[in-house]
Amino acid sequence: MHAAIIGSGPTGLFTAMALARRGHRATIVDRDAGPAADGSWERRGVMQFHHPHGLRQQVVQALEAELPEVRDALLAAGARLTVLPPEGGRPGMVIGMQCRRSTFERVLRAAAVAEPGVTLVPAHAGEVLRDRGRAGGVRADGRELAADLVVNATGRSGRFADDLRAPGTGADCGLAYVSRQYELLPGAEPGPVNGPIGLMIRFRGYLAGVFLHDNRTVSVLIARPSTDRALARLRDTAAFDVAVQVIPGLDAWTSAERTRPITPVLPGGRLHNTYRGQLDLDGRVGLPGLLHLGDAVCTTNPTAGRGMATSLMQAQQVVQLITEHGTDVEAATVHFDAWCTARIRPWFLDHLSVDADEMRMWAGEDIDLSRPLGSGHIVAAAQADPQLMSVVGPYLGMQALPSSLAEAEPRAREIYAGGWRPLVPPGPTRDDLVELITPLAATPAR
């Protein structure tokens with residue numbers, strides 16, 4: 001079988017290589033021609049390319065299962081496995097990988113270029129070709145490329161084959177952020193962390209974080225409600241530099257004695273939680289032979305780091321179903337849609353609830369105990385009762401679906417009803433930051 005895969009991001013590259021290793025041919029079509037001769041790579045249209053990424057256990061497992069030498073190449077390129085140390089009789093376990101998105105894509109793309117059976121075509125995919133009522137390939141820069149299977153892996157902003165399935169559902173995440181990458185100076189020790197991915201602290205009105213990456217690099221992030229126009233001034237370098245110097249944790253990581261910045265301050269916005277299945281409004285496969293994959297199916301709030309995990313989980317499932325169903329791609333599509341409904345859509349629904357709760361907390365609202373507790377509140381309650389971690393832990397690692405937290409909800413509700421609330425750490429409030437950065441920022445509030 002010949003598959004035309006539209007999109008050369010991690011999902012498209014991974015899927016192409018996995019199919020090729022099962023005897024299929026895969027042609028990846030994307031207008032991005034890859035890194036330039038001097039090594040630079042702009043990745044136009046991929047806003048998240050230089051922003052923080054937390055690569056979860058599911059990403060490592062997908063690589064180990066399908067592309068083990070890519071995992072090894074990433075480690076050789078400076079990525080590091082995130083290992084949870086042994087505790088209470090539990091052995092140590094790999095729960096992720098510390099790696100920049102740019103490093104991940106460079107290594108994965110190089111492997112795809114060298115993979116027998118995979119061809120990369122730098123072109124714009126305009127439309128799906130039809131042949132006797134099914135997908136027959138793709139038109140790329142005016143040229144027809146015949147294929148037995150067309151995979152839409154165009155990402156969160158793609159509109160490829162938009163009219164061939166039912167509209168999706170979704171909502172704005174409610175936040176925007178700025179980030180900047182830093183490199184540890186020779187001999188400098190890392191700064192403080194409070195979790196496997198690095199550092200994540202919720203202050204009054206904003207979120208601050210540090211993501212650990214490859215080759216002694218980190219991404220420093222400040223997230224705010226997208227409606228907070230005053231904090232939008234943080235995209236200005238002078239304002240960002242002053243803010244990170246006063247936010248506990250970020251100040252240590254960005255100290256001139258510890259790190260140096262290696263990117264500009266990068267804004268991130270227009271973030272949505274979205275879900276869109278494979279079928280049309282009549283519940284049928286809109287065009288047999290056409291599959292949608294990765295962010296074309298589901299996007300979630302990037303601060304939780306679930307995007308690449310859910311995408312590669314999908315890719316593994318598609319490859320397995322194609323192997324099982326052979327040339328009956330329509331049956332594989334129906335089964336894939338059902339699998340996504342059961343295994344991917346719950347994470348989308350979870351984010352709708354968690355993000356709404358987050359916005360209410362940032363606005364100063366108390367927890368509403370007349371409503372079911374959302375995942376974020378249940379997770380936070382484990383600070384008061386660590387025994388809840390037996391339920392919360394598998395959810396945090398995406399080893400159990402959000403519905404698994406129902407077991408812990410009664411105890412969490414009891415904790416909040418008793419008056420406990422998560423401690424807000426000392427540090428500048430949102431109003432403090434606004435007062436500090438307003439005189440410095442060249443960016444007007446908008």
Side-chain angles (χ1 to χ4, degrees), residues 1-7 9-28 57-71 108 111-112 115-119 128 130-138 146-154 161 164-166 275-280 282-298 308-347 398-401:
M1 183 174 66
H2 180 205
I5 298 175
I6 317 306
T11 305
L13 294 169
F14 179 94
T15 305
M17 294 179 68
L19 287 174
R21 295 185 179 195
R22 286 164 173 78
H24 304 292
R25 289 189 300 125
T27 300
I28 304 171
Q57 180 184 46
Q58 289 76 14
V59 175
V60 179
Q61 290 173 338
L63 293 175
E64 290 175 342
E66 299 290 342
L67 313 173
E69 76 287 355
V70 172
R71 170 194 176 275
L108 186 58
E115 183 72 27
V118 175
T119 304
V128 182
R130 301 175 186 238
D131 181 18
R132 290 169 290 182
R134 57 171 292 118
V138 63
D148 307 298
L149 170 68
V150 177
V151 176
N152 172 22
T154 53
L164 296 176
R165 54 178 173 157
Y275 183 82
R276 194 173 184 186
Q278 306 291 318
L279 310 181
D280 62 17
D282 295 322
R284 298 192 294 261
V285 175
L287 183 65
L290 171 66
L291 261 168
H292 307 274
L293 194 58
D295 282 358
V297 171
C298 182
M308 199 177 297
T310 56
S311 290
L312 295 195
M313 287 163 60
Q314 290 178 56
Q316 283 187 287
Q317 186 67 17
V318 160
V319 170
Q320 177 182 328
L321 288 170
I322 289 174
T323 301
E324 292 174 0
H325 292 277
T327 58
D328 191 354
V329 178
E330 184 171 5
T333 305
V334 171
H335 281 84
F336 178 59
D337 187 71
W339 180 87
C340 284
T341 300
R343 306 298 301 182
I344 301 298
R345 187 169 179 268
W347 296 108
M398 293 183 67
Q399 297 166 330
L401 291 171

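T333 places none of its side-chain heavy atoms less than 4.5 Å from the side chain of P288. At a threshold of 4.5 Å between non-hydrogen side-chain atoms, the residues V70 and M17 count as touching. With a 4.5 Å cut-off on side-chain heavy atoms, R25 and T119 do not count as touching. Residues M313 and W339 form a side-chain contact, since some pair of their non-hydrogen atoms from C-beta on lies under 4.5 Å apart. Looking at T327 and M1, their side chains never come closer than 4.5 Å, going by heavy atoms from C-beta outward. Under the 4.5 Å side-chain criterion, counting only non-hydrogen atoms from C-beta, L108 is in contact with L67. Side-chain contact between T310 and M398: present, with at least one pair of heavy atoms (C-beta onward) separated by less than 4.5 Å.
Rounding to the nearest 0.5 angstrom, the gap separating the CG atom in L290 from the CG atom in L164 is 6.0 Å. To the nearest 0.5 angstrom, L13 atom CG is 11.5 Å from E115 atom CD. Q320 CD to F336 CZ: the interatomic distance, rounded to the nearest 0.5 Å, is 11.5 Å.
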Requested in this report: With side chain to side chain contact (heavy atoms under 4.5 Å, CB included) as the test, would you mind laying out the steps for L279 and V285 before giving the verdict?
Outcome: CA-CA 5 Å; L279 310 181; V285 175; 3.9 Å; yes

Query - Stepwise side chain to side chain contact (heavy atoms under 4.5 Å, CB included) test for L312 and Q58 - result: CA-CA 8 Å; L312 295 195; Q58 289 76 14; over 6 Å; no

Query raised in the report: Going through the checks in order, is the side chain to side chain contact (heavy atoms under 4.5 Å, CB included) test met by R130 and L287?
Result: CA-CA 9 Å; R130 301 175 186 238; L287 183 65; 3.9 Å; yes

Query raised in the report: Given the rule in the side chain to side chain contact (heavy atoms under 4.5 Å, CB included) test, do L19 and V319 qualify, once you have shown the distances and angles that lead to the verdict?
Result: CA-CA 6 Å; L19 287 174; V319 170; 4.2 Å; yes

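Contact detail for C298 and I344: the closest heavy-atom pair is CB-CG2, 3.6 Å. Of all heavy-atom pairs between V297 and C340, the closest is CG1-SG, 4.3 Å.
For R134 (side chain) and D148 (main-chain N/O), a donor-acceptor pair under 3.5 Å exists by modelled atom type. Between the side chain of R21 and the main chain of E66, a donor-acceptor pair closer than 3.5 Å is present. In terms of modelled atom types and a separation under 3.5 Å, the side chain of R276 and the main chain of A166 share a donor-acceptor contact. The backbone N or O of H292 lies less than 3.5 Å from a partner atom in the side chain of Q278, making a donor-acceptor pair.
A salt bridge does not link R284 to E330: none of the charged side-chain nitrogens sits closer than 4.0 Å to a carboxylate oxygen.
H2 NE2: more than 12 foreign heavy atoms inside a 6.0 Å radius.
Between Q399 and Q57, the side chains place a donor N or O and an acceptor N or O closer than 3.5 Å (distance only, hydrogens not considered).
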